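Owing to the predicted nature of the structure, the values given are computational and were not obtained by experimental measurement.
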Amino acid sequence: MRRTLKALPTLLEVGFAEAVAYRAEFLVWLLSTNMPLVMLALWTAVARDAPVGRFGQRDFVAYFLAALVVRMMTGAWVIWELNFEIREGTLALRLLRPIHPLVAYAAENLAALPLRALVTLPVAVGALLVVGRERVTHDPLLLALFPVTVAGAWLITFLAMAIIGSLAFRLEQAGSVFEVWLGLFGVFSGYLVPLELFPRWVETLARALPFRYMLAFPVELVIGMTPRARALAELGIQWGFVALLGLGASAAWRLGLRRFSAVGG
Amino acid sequence: MLRYLRLLGVQFRASAAIAVQYRVEFLVRAGLALFWTGWTLVPLLVVYGARTAVAGWSFDEALVVVGWFTLLKGVLEGAVNPSLTAVVEHIRKGTLDFVLLKPADAQFLVSTAKFEPARVADLAGAAAVFAVAFHRMGRAPTPEGLLLAAVLLACAVAILYSLWILVISAAFVVVKVDNLSFLFVSIYDAARWPADVFRGGLRFVFTFVVPLAVMTTFPAEALLGRLGPARAALIAAGALAFSVLARVVWLRSIARYTSASS
């Protein structure tokens, strides 16, 4: 544990240097997070004449710009690396190091955050200018909790990817499983459609699934659509999912690793 | 010409053989393709649950656009994407030399190197969506509409393919472009909505820079009988010009290719 903590700053530094070195690639990845802008255009067109539910045109703008910000700050790509390294056998090199590979992956993914923030900040400021100060939550406590919810969202994203990635130890088709996960995410996280606009039962179902806490929860909190009591309750659920997935990831990793044998040298 | 058709047949058979060999994978992929087709309808259902028409498009008409979206996605991921991903790999490893040495046109060889037969599921999905849409409207497309739509389909595929050739040509310069393909697929996702929904900057981008409107909205309009032959001719001319441009760029980049090995 102590050793891991001591290695962490170096790991973060290396990850950051890597992100800077591949900045063009990095930018392309960020640009591919363009879905919220498309959905923004679509929903403002739908709400041109009259609001949809609680959402007027400006609410949609606030919602999807916040979604863009949250999505950009919670990016993780550990599944692709894990898939690749398991199949190619290069994971063996990581296993030799005196640090848990999942921690190393997490550090690499987190290290890109400063660079991501650099791109996200103008978006956030622009969003604030477009939608106005009154679209941001007035509750100082909730505003202070917003980073915590984003951290929780990132952890859920990362841990779920680690679990599905660990399936690659046993399955050839871990990529397909992740594709299904992405599909479910699109609908149940509020990425495409604010969850309130679904029929009641879908919304209820979404509350019981982890996807909502990866996106819709921080977004609705920061644009002031969730009252304080409910926000606090949902924060508890979010971190409950974090704990659950954390346990799941470590178990999946341990179970998977037994099957691992590197080929070649 | 006949020789190239025969070559195409050989390449097709090779891909089909691979698909038959990995049957489970074939089934999983086909199943996933159908899953996505159904799943992409969810936002559409929510939108049209709140409104009867958006930007002048009724639900049934928007369904026709989704049908084209699914059809072209099948073409993109079944016939265009796999081969061209393979080229990027060739360029990176320097094994493109072996392709260039073969006595046939290099662009033809690299663009037909690999197919993914499982994507036939997308074509079936598209057919089902079209059938539902026209059944709900209670009419069939007119023969002229069908003809125009077929022409526009050819244009759309040509544009899609040319865009890819341009991306691949970029690979000769910057080498790592597999994430560019990811970016393109993410942009293409916007094509499932009628282009009239978008305004201002997005509208411009989706009509002229990445002509999504040409790929799905215009063919849908043709099928619905709302597109005049004059506009179709204009689109065809644009697609032809774009294809020629892509061919010229490809020839220039291949001339600059220096092997990566040794």
Side-chain angles (χ1 to χ4, degrees), chain A residues 21-22 24-55 57 60 71 77 80 84 171-188 190-199 202-203, chain B residues 22 24-25 27-33 35-57 62 118 170 174-203 205-206 210 212:
Chain A
Y22 296 104
E25 193 181 352
F26 180 79
L27 201 68
V28 171
W29 275 116
L30 270 186
L31 281 178
S32 57
T33 312
N34 50 31
M35 189 59 120
L37 292 178
V38 169
M39 294 319 285
L40 188 157
L42 173 79
W43 280 107
T44 47
V46 173
R48 204 165 282 152
D49 308 320
V52 185
R54 263 207 292 171
F55 283 81
Q57 260 187 323
F60 277 122
R71 194 73 185 130
W77 55 91
W80 313 118
F84 181 80
L171 285 181
E172 301 269 298
Q173 309 277 355
S176 303
V177 175
F178 188 66
E179 214 176 294
V180 173
W181 168 271
L182 271 186
L184 295 176
F185 170 82
V187 169
F188 289 114
Y191 194 43
L192 304 173
V193 179
L195 289 168
E196 286 185 24
L197 303 182
F198 278 113
V202 179
E203 205 196 335
Chain B
Y22 298 102
V24 177
E25 189 173 337
L27 287 178
V28 169
R29 288 191 180 219
L32 271 180
F35 163 79
W36 277 112
T37 306
W39 207 240
T40 49
L41 289 176
V42 172
L44 192 80
L45 288 172
V46 177
V47 167
Y48 283 98
R51 293 285 185 276
T52 49
V54 176
W57 289 76
V174 291
V175 181
K176 207 164 160 57
V177 292
D178 37 354
N179 50 12
L180 271 184
S181 73
F182 189 80
L183 176 64
F184 179 75
V185 170
S186 79
I187 293 174
Y188 177 72
D189 249 355
R192 78 171 71 133
W193 303 101
D196 300 283
V197 164
F198 304 110
R199 296 234 166 140
L202 275 181
R203 179 74 201 253
V205 169
F206 289 158
V210 186
L212 296 182

Do A/F55 and A/W43 make a side-chain contact, defined as non-hydrogen atoms from C-beta onward lying under 4.5 Å apart? no

Given A/V193, A/V187, A/V202, A/D49, the one with more heavy-atom pairs under 4.5 angstrom with chain B than any other is A/V187

Looking at B/F35, B/W193, B/F206, which has the largest count of heavy-atom pairs under 4.5 Å with chain A? B/W193

Ring centres under 6.0 Å, that's the criterion: do A/W80 and A/F178 meet it? yes

Let me know if A/P51 has heavy atoms under 4.5 Å from chain B in its side chain, its backbone, both or neither. backbone

Note: vs chain B, highest number of non-hydrogen pairs under 4.5 angstrom among A/L184, A/T33, A/N34, A/L197 is A/N34

Crowded around A/R48 CZ? As in, over 12 foreign heavy atoms under 6.0 Å? yes

Counting heavy-atom pairs under 4.5 Å to chain A, which of B/V46, B/L45, B/V54, B/I187 comes out on top? B/V46

Pick from A/P199, A/G186, A/A50: which one has the most heavy-atom pairs with chain B under 4.5 Å? A/A50

Sort out for me which of A/S176, A/A45, A/A47, A/G53 touches chain B most, counting heavy-atom pairs under 4.5 Å. A/S176

Between A/V46 and A/F60, is any pair of side-chain heavy atoms under 4.5 Å apart? no

In terms of heavy-atom proximity below 4.5 Å to chain A, should B/R29 be classed as side chain, backbone, both, or neither? neither

For the residue pair B/L44 and B/R192, establish whether any side-chain heavy-atom pair is separated by less than 4.5 Å. no

Okay, B/A190 and chain A: the region with an atom under 4.5 Å from a heavy atom over there is both

What is the minimum heavy-atom distance between A/L192 and A/M39, and which atoms define it? O-CE, 3.1 Å

Apply side-chain hydrogen bond (donor to acceptor under 3.5 Å, both in side chains) to residues B/W36 and A/E179 and explain how you reach the verdict. CA-CA 9 Å; B/W36 277 112; A/E179 214 176 294; 2.7 Å; yes

